[in-house]
S.K.: 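Shown below is the structure under consideration.
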Number of protein chains: 2
Amino acid sequence: MSTTYREVKADILRQITQGELAPGSILPNEVDLAASYGCARATVNRAMRELADDGLIERRRKAGSRVRRNPLRQAKFNIPLVQQEVEEQGSVYRYALVSRDIAPASDRLRARLGLQSSDRLLHLICMHYADDAPYQYENRWINLAATPDAETFDFSQTGPNEWLVKQVPFTDVQISFRAIQADAVYAEHLDCARGDALFQVERTTRQDDEPVTFVQLTYRQGHRLTTRY
Amino acid sequence: MSTTYREVKADILRQITQGELAPGSILPNEVDLAASYGCARATVNRAMRELADDGLIERRRKAGSRVRRNPLRQAKFNIPLVQQEVEEQGSVYRYALVSRDIAPASDRLRARLGLQSSDRLLHLICMHYADDAPYQYENRWINLAATPDAETFDFSQTGPNEWLVKQVPFTDVQISFRAIQADAVYAEHLDCARGDALFQVERTTRQDDEPVTFVQLTYRQGHRLTTRY
DNA sequence: TAGTGGTCTAGACCACGGA
DNA sequence: CCGTGGTCTAGACCACTAA
């Protein structure tokens, strides 16, 4: 009948959210907390470490643990594969390859990704449908210097994301979200009006600083990305 | 000279990203790993637990640990206070209250937040500037049933976010991102054209299921939210 | 039912960094 | 300097669940 780290964490969390522990105030040290909860120091340590990971407290050797003044607000988003995303909302997923070509990197992409001018890129445009309605427009560049196999793979049946995830390891991913206005191309593919506001995710994937792929995923009008914490 | 959990984690991570451990393959159990790394089982456990938290492996009792087939792609975003966000990019921050009124909740908000029809809401519209250029338009509703003090507080000098973070505890936050088209009001306040695509964050904060505040934060044209992992 | 991860313990040593 | 958190250990019991 010992106190678990979950109980310790929940109790401290309660004291913080209910204002018993004011922002900026200092918590007892681990030894004292262990004694008062009647558990081992390692148990308190795990509870406190998770609270620190969650951004609720700040810990420093010798200085002790304090409740953060401005609780670090951080949100975690799942970035699912399109197919899973579509199927999880109960729709039928369909994929189509719109175009495929190979060309040297444009100046814009070279600057953005840090590519050599000699590098060749595989450029794919794909559509993802939910119940036969346009769901996502995918504009992707794959660095053939990093992924030579991509040149011979047939992307007409399998989406590049599915293939890349299984074939190519990566070490670093950068993601950004923004709003863009639909031009004629987007309007046609996503079945919306020119000028509509669309939600776009841009993602750059690297393997040890070498760019592997850059993609723009543009969602149909009205899409939301949601999370809670 | 023992093996640390960081070393164990880094070594397994390397095997995954370099393809030595294929997606879906099973890892040795903790006892065996501990033996092969020459450390205690608890050390291996911590390394594996963190890999699981990071979405790289899946663990199940009796079944063992496997490399995820589709590495769970999850991104963590910091949700900073506007003032910090502006100042961190080296600009001067300025705040202004645009309007303030108190009214019963509209049907739309009642449905969205799960409010009682008798609840009164404090409705604030605020502007946040960076170097005197519009940066963010804030449209906020505060539930006076949950936060009576808000009724008498003077929001003409201090932004509601700063005040709420310090005054009101919360237990649950829901965030969503989307793209919207600027109407005449947005165009005027954010100094952009009608029809421009704007990036908007919506956030609902609750304390034990009671809605505390709902806010729409609309950024100036061209804003991006970025992260890496 | 047996194997695996989940957790707790009591103790130890150490690194960091405030006073 | 020396208090605090960071980490490791060897062992133990337990909860879950696949076989």
Side-chain angles (χ1 to χ4, degrees), chain A residues 1-16 21-72 74 76, chain B residues 1-16 21-72 74 76:
Chain A
M1 195 50 259
S2 66
T3 310
T4 70
Y5 85 91
R6 290 170 188 277
E7 290 167 343
V8 174
K9 184 179 176 184
D11 187 62
I12 297 177
L13 188 56
R14 181 190 56 74
Q15 293 184 50
I16 294 175
L21 284 171
S25 64
I26 195 163
L27 285 82
N29 69 36
E30 294 191 349
V31 175
D32 291 351
L33 282 173
S36 71
Y37 284 113
C39 64
R41 190 189 142 212
T43 303
V44 170
N45 179 272
R46 176 152 182 202
M48 301 283 275
R49 182 153 36 80
E50 292 197 359
L51 287 169
D53 286 344
D54 294 346
L56 287 155
I57 66 174
E58 241 174 345
R59 319 193 73 194
R60 275 180 357 246
R61 283 161 152 133
K62 168 74 181 182
S65 304
R66 293 179 174 279
V67 180
R68 291 191 92 102
R69 294 192 175 279
N70 299 128
L72 188 58
Q74 52 188 3
K76 248 188 183 175
Chain B
M1 196 51 258
S2 65
T3 310
T4 70
Y5 85 91
R6 290 169 187 279
E7 289 166 341
V8 175
K9 184 180 177 184
D11 187 61
I12 297 177
L13 187 57
R14 181 190 56 74
Q15 294 184 51
I16 294 176
L21 284 171
S25 64
I26 194 162
L27 284 83
N29 68 37
E30 295 191 348
V31 176
D32 291 350
L33 282 173
S36 71
Y37 284 113
C39 65
R41 189 188 143 211
T43 304
V44 171
N45 180 272
R46 176 152 181 200
M48 301 284 275
R49 182 153 36 81
E50 292 197 358
L51 287 169
D53 285 344
D54 294 345
L56 287 155
I57 66 175
E58 241 174 345
R59 320 193 73 195
R60 273 178 2 243
R61 283 160 153 136
K62 167 78 179 180
S65 304
R66 294 178 174 278
V67 180
R68 291 192 91 102
R69 293 191 176 279
N70 301 128
L72 185 60
Q74 50 187 3
K76 250 187 184 176

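Treat the numbers as computed from the prediction; the structure is a model and nothing was measured. Chain letters run A, B, ... following the sequence lines, proteins first, then strands; residues in each count from 1.
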S.K.: Going by side chain to side chain contact (heavy atoms under 4.5 Å, CB included), name the residues that satisfy it together with A:P23, two or more places apart in sequence or in a different chain.
M.R.: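 None.
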
S.K.: Rounded off to whole Å, could you give me the CZ-to-P distance for the A:R46 and C:dT9 pair?
M.R.: 13 Å

S.K.: Mind checking whether B:L51 and B:I12 have side chains closer than 4.5 Å, heavy atoms only?
M.R.: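 With C-beta onward as the side chain, the pair touches.
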
S.K.: Could you tell me which residues satisfy side chain to side chain donor-acceptor pair (under 3.5 Å) with A:R46, sequence neighbours excluded, listed by chain and number?
M.R.: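 Applying side chain to side chain donor-acceptor pair (under 3.5 Å) to A:R46 gives A:Y5, A:E50.
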
S.K.: Please enumerate all residues that pass side chain to side chain contact (heavy atoms under 4.5 Å, CB included) together with B:A52, with sequence neighbours excluded.
M.R.: B:I57, B:R59

S.K.: Quick one: list whatever passes side chain to side chain contact (heavy atoms under 4.5 Å, CB included) with A:N29, sequence neighbours left out.
M.R.: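 Counting only residues at least two positions away or on another chain, A:N29 forms a side chain to side chain contact (heavy atoms under 4.5 Å, CB included) with A:V31, A:D32.
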
S.K.: Round to the nearest Å and state the distance from A:K9 atom NZ to C:dC8 atom P.
M.R.: 12 Å

S.K.: Take nucleotides 11-19 of chain C nucleotide by nucleotide from the 5' end and write B, S or -, depending on whether a protein heavy atom sits under 4.0 Å from the base, only from the sugar-phosphate, or from neither.
M.R.: -B--BBBB-

S.K.: Does A:R49 have a side-chain nitrogen or oxygen under 4.0 Å from the phosphate oxygens OP1 or OP2 of D:dG5?
M.R.: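 Checking A:R49 against D:dG5: no side-chain N or O falls below 4.0 Å of OP1 or OP2.
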
S.K.: Just the rounded figure in Å: distance from C1' of D:dT9 to CG of A:N45.
M.R.: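 Atom-to-atom, A:N45 to D:dT9, this comes out as 15 Å.
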
S.K.: Applying side chain to side chain donor-acceptor pair (under 3.5 Å), name anything that partners B:R14, two or more places apart in sequence or on another chain.
M.R.: B:D11, B:E20

S.K.: Could you identify which residues of residues 26-38 of chain B place a heavy atom less than 4.0 Å from some atom of DNA chain C, listed by residue number, or say none?
M.R.: B:N29, B:E30

S.K.: May I have the distance from A:Y5 (atom OH) to D:dG5 (atom C1'), rounded to whole angstrom?
M.R.: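 Rounded to the whole Å, the gap is 19 Å.
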
S.K.: Looking at side-chain heavy atoms only, is the closest gap between B:V67 and B:L27 below 4.5 Å?
M.R.: yes

S.K.: Can you tell me if A:T43 touches the phosphate of C:dT9, counting only side-chain N or O atoms and a distance under 4.0 Å to OP1 or OP2?
M.R.: yes

S.K.: Considering residues at least two apart in sequence or located in another chain, which fulfil the salt bridge (Lys or Arg N to Asp or Glu O under 4.0 Å) criterion with A:R41?
M.R.: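 A:R41 satisfies salt bridge (Lys or Arg N to Asp or Glu O under 4.0 Å) with A:E30 once adjacent residues are dropped.
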
S.K.: Side chain of B:R6: nearest nucleotide among D:dC8, D:dT7, C:dT7?
M.R.: D:dT7

S.K.: Send over the distance from B:E58 CD to C:dT4 C1', rounded to a whole Å.
M.R.: 15 Å

S.K.: Which residues pass the side chain to side chain contact (heavy atoms under 4.5 Å, CB included) test with A:T4, not counting sequence neighbours?
M.R.: A:R6, A:E7

S.K.: Whole angstrom is fine here: how far is it from CZ in A:R59 over to P in D:dT7?
M.R.: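 Those two atoms, CZ and P, are 10 Å apart.
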
S.K.: When you match B:G64 and A:A40 each to their closest nucleotide on DNA chain C, which lands nearer the 5' end?
M.R.: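 First, find each residue's nearest nucleotide; the 5'-ward one identifies B:G64.
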
S.K.: Using atom CZ of B:R66 as one end and atom P of C:dT4 as the other, report the distance to the nearest whole Å.
M.R.: 12 Å

